[in-house]
Amino acid sequence: MNAPAVAELWRYPVKSMGGEQVAELMLDRGVVAGDRAFAVVAVATGRVLTAKRVPRLLDATARWLGGEAEIALPGGPSVRTDDPDAEAVLGRWLGQPVRLERPAGHAVTVEEYQGDPDGSAELATFDLPAWGFVDDSPVHLLSRDSLRTAKSWHPGGDWDLRRFRPNIVLAPGPAADPAGPAAVPAARSGEGEVGDELRIGQAVLEVTSLCHRCVMVSQPQRGLPKDREVLRSIIRETGAMFGTYAAVLRPGPVRCGDPVTVPVAVQADGAG
(Lines give C-alpha, C1' and ligand atoms only; values in the text may rest on other atoms or scores of the structure.)
Protein backbone atom coordinates (compact mmCIF):
# COMPACT_ATOMS: atom_id res chain seq x y z
CA MET A 1 0.00 0.00 0.00
CA ASN A 2 1.17 3.51 -0.73
CA ALA A 3 1.77 5.73 2.27
CA PRO A 4 0.04 9.11 2.35
CA ALA A 5 2.37 11.97 1.60
CA VAL A 6 2.73 15.60 2.55
CA ALA A 7 0.81 17.62 -0.02
CA GLU A 8 1.13 21.11 1.51
CA LEU A 9 2.88 22.78 4.44
CA TRP A 10 1.67 25.94 6.15
CA ARG A 11 3.10 28.30 8.77
CA TYR A 12 1.25 31.09 10.61
CA PRO A 13 3.85 33.48 12.08
CA VAL A 14 1.26 35.66 13.88
CA LYS A 15 -1.58 34.04 15.77
CA SER A 16 -4.94 34.34 13.98
CA MET A 17 -3.49 36.04 10.90
CA GLY A 18 -3.29 34.41 7.50
CA GLY A 19 -0.21 32.31 6.96
CA GLU A 20 2.16 31.24 4.23
CA GLN A 21 2.52 28.06 2.22
CA VAL A 22 6.08 26.73 2.34
CA ALA A 23 8.11 23.85 0.92
CA GLU A 24 9.66 22.85 4.26
CA LEU A 25 8.86 23.12 7.96
CA MET A 26 11.30 22.53 10.79
CA LEU A 27 9.58 20.71 13.62
CA ASP A 28 11.30 21.29 16.94
CA ARG A 29 10.33 20.05 20.38
CA GLY A 30 7.24 21.96 21.40
CA VAL A 31 7.08 24.21 18.32
CA VAL A 32 6.95 24.49 14.57
CA ALA A 33 9.73 26.96 13.76
CA GLY A 34 8.22 30.33 12.89
CA ASP A 35 4.64 29.24 13.64
CA ARG A 36 2.59 31.38 16.05
CA ALA A 37 5.82 33.14 16.92
CA PHE A 38 3.92 36.36 17.71
CA ALA A 39 0.52 37.28 19.08
CA VAL A 40 -1.40 40.55 19.08
CA VAL A 41 -2.28 41.56 22.63
CA ALA A 42 -4.86 44.17 23.65
CA VAL A 43 -3.18 46.79 25.83
CA ALA A 44 -6.40 47.45 27.76
CA THR A 45 -6.82 43.87 28.95
CA GLY A 46 -3.45 42.20 28.44
CA ARG A 47 -5.26 39.40 26.62
CA VAL A 48 -4.33 37.81 23.30
CA LEU A 49 -6.62 38.79 20.44
CA THR A 50 -7.81 36.03 18.12
CA ALA A 51 -10.05 35.93 15.06
CA LYS A 52 -12.68 34.18 17.14
CA ARG A 53 -13.38 37.58 18.71
CA VAL A 54 -11.71 39.91 16.18
CA PRO A 55 -12.37 38.31 12.76
CA ARG A 56 -10.55 40.99 10.79
CA LEU A 57 -7.23 39.57 12.00
CA LEU A 58 -7.70 36.91 9.31
CA ASP A 59 -7.57 39.61 6.62
CA ALA A 60 -3.91 40.25 7.43
CA THR A 61 -1.21 37.80 6.35
CA ALA A 62 2.18 37.15 7.90
CA ARG A 63 5.44 35.89 6.43
CA TRP A 64 8.32 34.47 8.51
CA LEU A 65 11.65 36.19 8.01
CA GLY A 66 13.66 34.05 10.41
CA GLY A 67 13.43 35.69 13.82
CA GLU A 68 10.91 38.34 12.74
CA ALA A 69 7.73 38.40 10.66
CA GLU A 70 6.39 40.70 7.98
CA ILE A 71 2.68 41.54 8.27
CA ALA A 72 0.69 42.61 5.21
CA LEU A 73 -2.51 44.47 6.04
CA PRO A 74 -5.39 44.50 3.55
CA GLY A 75 -4.82 47.38 1.17
CA GLY A 76 -1.40 48.01 2.70
CA PRO A 77 0.90 48.83 4.32
CA SER A 78 3.26 46.00 5.25
CA VAL A 79 5.16 46.20 8.51
CA ARG A 80 7.83 44.10 10.13
CA THR A 81 7.43 43.01 13.72
CA ASP A 82 10.67 44.81 14.59
CA ASP A 83 9.60 48.11 12.99
CA PRO A 84 9.40 50.84 15.65
CA ASP A 85 5.88 51.81 14.55
CA ALA A 86 4.53 48.28 13.96
CA GLU A 87 2.29 48.29 17.03
CA ALA A 88 0.93 51.74 16.23
CA VAL A 89 0.10 50.67 12.67
CA LEU A 90 -1.68 47.55 13.89
CA GLY A 91 -3.49 49.53 16.58
CA ARG A 92 -4.88 52.01 14.07
CA TRP A 93 -6.05 49.17 11.84
CA LEU A 94 -7.73 47.31 14.72
CA GLY A 95 -9.13 50.42 16.37
CA GLN A 96 -7.50 49.82 19.74
CA PRO A 97 -4.01 49.98 21.28
CA VAL A 98 -2.16 46.69 20.87
CA ARG A 99 1.30 45.26 21.33
CA LEU A 100 3.11 42.39 19.68
CA GLU A 101 4.38 39.68 22.01
CA ARG A 102 6.50 36.56 21.68
CA PRO A 103 6.02 33.50 23.90
CA ALA A 104 7.64 34.44 27.19
CA GLY A 105 7.53 31.22 29.18
CA HIS A 106 4.34 32.00 31.06
CA ALA A 107 0.66 31.39 30.34
CA VAL A 108 -1.25 34.13 28.55
CA THR A 109 -5.00 34.59 28.47
CA VAL A 110 -7.23 34.59 25.39
CA GLU A 111 -10.65 36.17 25.30
CA GLU A 112 -13.00 34.67 22.74
CA TYR A 113 -16.51 33.58 21.90
CA GLN A 114 -17.41 29.97 22.66
CA GLY A 115 -19.84 29.22 19.86
CA ASP A 116 -21.08 31.51 17.13
CA PRO A 117 -21.00 35.26 17.94
CA ASP A 118 -24.14 35.72 15.81
CA GLY A 119 -25.95 33.02 17.77
CA SER A 120 -25.93 31.82 21.37
CA ALA A 121 -22.25 32.46 21.98
CA GLU A 122 -20.76 33.27 25.35
CA LEU A 123 -17.63 35.30 25.93
CA ALA A 124 -15.06 33.15 27.70
CA THR A 125 -11.38 33.16 28.56
CA PHE A 126 -8.75 30.44 28.70
CA ASP A 127 -4.98 30.28 29.04
CA LEU A 128 -2.60 29.35 26.25
CA PRO A 129 0.36 27.12 27.18
CA ALA A 130 3.43 28.86 28.53
CA TRP A 131 5.60 27.64 25.66
CA GLY A 132 3.59 28.98 22.71
CA PHE A 133 0.55 30.68 21.23
CA VAL A 134 -1.26 27.47 20.25
CA ASP A 135 -4.63 26.26 21.46
CA ASP A 136 -3.47 22.66 21.81
CA SER A 137 -0.46 20.69 20.53
CA PRO A 138 1.93 22.48 18.16
CA VAL A 139 1.25 20.55 14.94
CA HIS A 140 -2.10 20.36 13.18
CA LEU A 141 -2.70 17.71 10.49
CA LEU A 142 -5.55 17.59 8.01
CA SER A 143 -6.07 15.33 4.99
CA ARG A 144 -7.58 16.18 1.65
CA ASP A 145 -9.85 13.17 2.15
CA SER A 146 -11.32 14.94 5.18
CA LEU A 147 -11.98 18.06 3.15
CA ARG A 148 -13.62 16.09 0.36
CA THR A 149 -15.87 14.26 2.80
CA ALA A 150 -16.81 17.50 4.56
CA LYS A 151 -17.89 19.04 1.27
CA SER A 152 -20.73 16.51 1.17
CA TRP A 153 -21.95 17.72 4.57
CA HIS A 154 -22.47 21.26 3.27
CA PRO A 155 -22.19 21.21 -0.54
CA GLY A 156 -22.91 24.91 -0.88
CA GLY A 157 -19.99 25.90 1.35
CA ASP A 158 -16.46 26.80 0.44
CA TRP A 159 -14.27 24.26 2.26
CA ASP A 160 -11.03 26.08 1.52
CA LEU A 161 -8.34 24.65 3.81
CA ARG A 162 -7.49 28.20 4.95
CA ARG A 163 -10.56 27.99 7.19
CA PHE A 164 -8.88 25.19 9.18
CA ARG A 165 -5.30 26.46 9.42
CA PRO A 166 -3.42 23.13 9.24
CA ASN A 167 0.36 22.90 9.32
CA ILE A 168 0.56 19.62 7.40
CA VAL A 169 -1.90 18.71 4.64
CA LEU A 170 -1.86 15.04 3.62
CA ALA A 171 -2.57 13.66 0.19
CA PRO A 172 -5.09 10.81 0.24
CA GLY A 173 -4.03 7.19 0.28
CA PRO A 174 -5.73 4.38 -1.69
CA ALA A 175 -9.31 3.34 -0.99
CA ALA A 176 -9.88 1.81 2.43
CA ASP A 177 -11.02 -1.78 2.98
CA PRO A 178 -14.14 -1.40 5.13
CA ALA A 179 -13.75 -5.01 6.31
CA GLY A 180 -10.23 -4.40 7.59
CA PRO A 181 -9.84 -5.47 11.24
CA ALA A 182 -8.08 -2.27 12.23
CA ALA A 183 -9.80 0.16 9.87
CA VAL A 184 -9.68 3.88 10.48
CA PRO A 185 -12.30 6.16 8.87
CA ALA A 186 -11.10 7.00 5.37
CA ALA A 187 -11.98 10.64 5.89
CA ARG A 188 -9.00 10.92 8.23
CA SER A 189 -6.49 9.15 5.95
CA GLY A 190 -3.07 9.42 7.51
CA GLU A 191 -4.14 11.78 10.31
CA GLY A 192 -3.97 8.92 12.81
CA GLU A 193 -5.69 8.03 16.04
CA VAL A 194 -4.86 9.49 19.45
CA GLY A 195 -1.64 7.86 20.66
CA ASP A 196 -0.40 6.92 17.18
CA GLU A 197 3.12 7.79 16.11
CA LEU A 198 3.49 9.30 12.65
CA ARG A 199 6.86 9.43 10.95
CA ILE A 200 7.00 12.27 8.47
CA GLY A 201 10.30 13.10 6.84
CA GLN A 202 12.92 13.09 9.59
CA ALA A 203 10.44 13.98 12.34
CA VAL A 204 8.32 11.72 14.53
CA LEU A 205 4.97 12.98 15.85
CA GLU A 206 2.52 11.63 18.38
CA VAL A 207 -1.16 12.28 17.78
CA THR A 208 -2.40 13.88 21.00
CA SER A 209 -6.03 14.70 20.25
CA LEU A 210 -8.66 15.26 17.63
CA CYS A 211 -9.08 18.89 16.67
CA HIS A 212 -12.20 20.38 18.27
CA ARG A 213 -13.53 23.03 15.91
CA CYS A 214 -14.93 26.39 16.94
CA VAL A 215 -16.32 29.54 15.35
CA MET A 216 -12.94 30.21 13.70
CA VAL A 217 -13.84 27.99 10.74
CA SER A 218 -16.92 30.06 9.99
CA GLN A 219 -15.28 33.48 10.06
CA PRO A 220 -14.80 35.53 6.89
CA GLN A 221 -11.34 36.15 5.49
CA ARG A 222 -9.75 37.17 2.23
CA GLY A 223 -11.81 35.58 -0.54
CA LEU A 224 -13.98 33.56 1.86
CA PRO A 225 -17.39 34.65 3.17
CA LYS A 226 -18.70 34.11 6.67
CA ASP A 227 -20.45 30.73 6.69
CA ARG A 228 -21.93 29.49 9.96
CA GLU A 229 -23.07 26.26 8.30
CA VAL A 230 -19.45 25.09 8.01
CA LEU A 231 -19.18 24.78 11.79
CA ARG A 232 -22.74 23.57 12.21
CA SER A 233 -22.20 20.73 9.73
CA ILE A 234 -18.99 19.62 11.47
CA ILE A 235 -20.78 19.60 14.82
CA ARG A 236 -23.67 17.65 13.33
CA GLU A 237 -21.50 15.04 11.61
CA THR A 238 -18.56 14.55 13.98
CA GLY A 239 -19.34 16.32 17.24
CA ALA A 240 -17.07 19.20 16.12
CA MET A 241 -13.97 17.02 15.58
CA PHE A 242 -12.08 17.59 12.32
CA GLY A 243 -8.36 16.89 11.84
CA THR A 244 -5.79 15.96 14.48
CA TYR A 245 -3.24 17.63 16.74
CA ALA A 246 0.21 16.18 17.31
CA ALA A 247 3.26 16.75 19.49
CA VAL A 248 6.84 16.44 18.25
CA LEU A 249 8.64 13.39 19.63
CA ARG A 250 11.69 13.65 17.40
CA PRO A 251 12.57 17.00 15.80
CA GLY A 252 13.45 17.28 12.16
CA PRO A 253 12.55 18.87 8.84
CA VAL A 254 9.39 17.96 6.96
CA ARG A 255 9.15 18.64 3.23
CA CYS A 256 6.42 18.52 0.64
CA GLY A 257 6.34 15.06 -0.87
CA ASP A 258 7.64 13.31 2.25
CA PRO A 259 5.87 10.00 2.85
CA VAL A 260 4.02 9.45 6.10
CA THR A 261 4.80 6.16 7.81
CA VAL A 262 1.85 5.30 10.00
CA PRO A 263 1.07 2.54 12.51
CA VAL A 264 -0.40 -0.78 11.36
CA ALA A 265 -3.79 0.34 12.63
CA VAL A 266 -3.83 3.16 10.09
CA GLN A 267 -2.12 1.28 7.28
CA ALA A 268 -4.77 -1.44 7.49
CA ASP A 269 -7.30 1.22 6.58
CA GLY A 270 -5.59 1.73 3.24
CA ALA A 271 -4.53 5.21 4.25
CA GLY A 272 -0.99 4.01 4.72
Any [X] side-chain heavy atom under 4.5 Å of [Y] side chain:
X	Y	value
I234	F164	yes
L142	L147	yes
V6	R255	no
D160	Q221	no
P166	L161	yes
E229	R236	yes
W10	L25	no
E20	T61	no

Shared hydrophobic cluster, [X] / [Y] (ILVMFWY, side-chain heavy atoms < 4.5 Å):
X	Y	answer
L65	L73	no
V43	L90	no
V89	V98	yes
L249	V139	no
M17	L224	no

Backbone N/O of [Y] and side chain of [X]: donor-acceptor pair under 3.5 Å:
X	Y	answer
S16	A51	yes
D35	Y12	yes
T149	S146	no
K151	G157	yes
R47	A42	no

Under the side-chain contact (heavy atoms from CB on, under 4.5 Å) test, which residues partner T81, sequence neighbours left out?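 With neighbours one apart ignored, the set is F38, E68, A69, I71, L100.
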Measure the spacing between [atom1] of [X] and [atom2] of [Y] and express it to the nearest 0.5 Å.
X	Y	atom1	atom2	value
L205	L141	CG	CG	6.0 Å
R165	C211	CZ	SG	11.5 Å
S137	E206	OG	CD	8.5 Å
L170	T244	CG	OG1	7.5 Å
L94	R56	CG	CZ	6.5 Å
R222	R162	CZ	CZ	9.5 Å

Which atom of [X] lies closest to which atom of [Y], heavy atoms considered:
X	Y	value
V207	E193	CB-O, 3.3 Å
P251	R29	CG-CG, 3.5 Å
A171	P4	O-CB, 3.5 Å

Anything under 30° is parallel, anything over 60° is perpendicular, the rest tilted; go ahead and classify Y245 against H140.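 It falls in the tilted class, 30° to 60°.
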Taking only residues at least two apart or on different chains, which pairs with a member in residues 82-92 satisfy side-chain hydrogen bond (donor to acceptor under 3.5 Å, both in side chains)? R80-D82
Would you call R148-D145 a salt bridge at under 4.0 Å N-O?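 Yes, this pair counts.
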For a side chain to side chain contact (heavy atoms under 4.5 Å, CB included) check, start with the C-alpha distance between T50 and K15, then their side-chain angles and the critical distance, and finish with the verdict. CA-CA 7 Å; T50 77; K15 186 171 180 63; 3.9 Å; yes
Apart from L58 itself, what residues make up its hydrophobic cluster when side-chain heavy atoms of I, L, V, M, F, W and Y under 4.5 Å apart count as a link, directly or indirectly? M216
Applying the side chain to side chain contact (heavy atoms under 4.5 Å, CB included) criterion to I168, which one of V32, L198, I200 satisfies it?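 The option that passes is I200.
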Could you go through the side chain to side chain contact (heavy atoms under 4.5 Å, CB included) check for V22 and W64 one step at a time? CA-CA 10 Å; V22 297; W64 184 240; over 6 Å; no
Does either side chain, that of S143 or that of E191, offer a donor lying less than 3.5 Å from an acceptor on the other one?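 Yes.
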Show your working on side chain to side chain contact (heavy atoms under 4.5 Å, CB included) between V14 and V40 and close with a plain yes or no. CA-CA 8 Å; V14 181; V40 181; 4.1 Å; yes
Working note: R213 + M241, criterion side chain to side chain contact (heavy atoms under 4.5 Å, CB included); need CA distance, chi angles, decisive distance, verdict. CA-CA 6 Å; R213 296 299 175 174; M241 302 302 181; over 6 Å; no
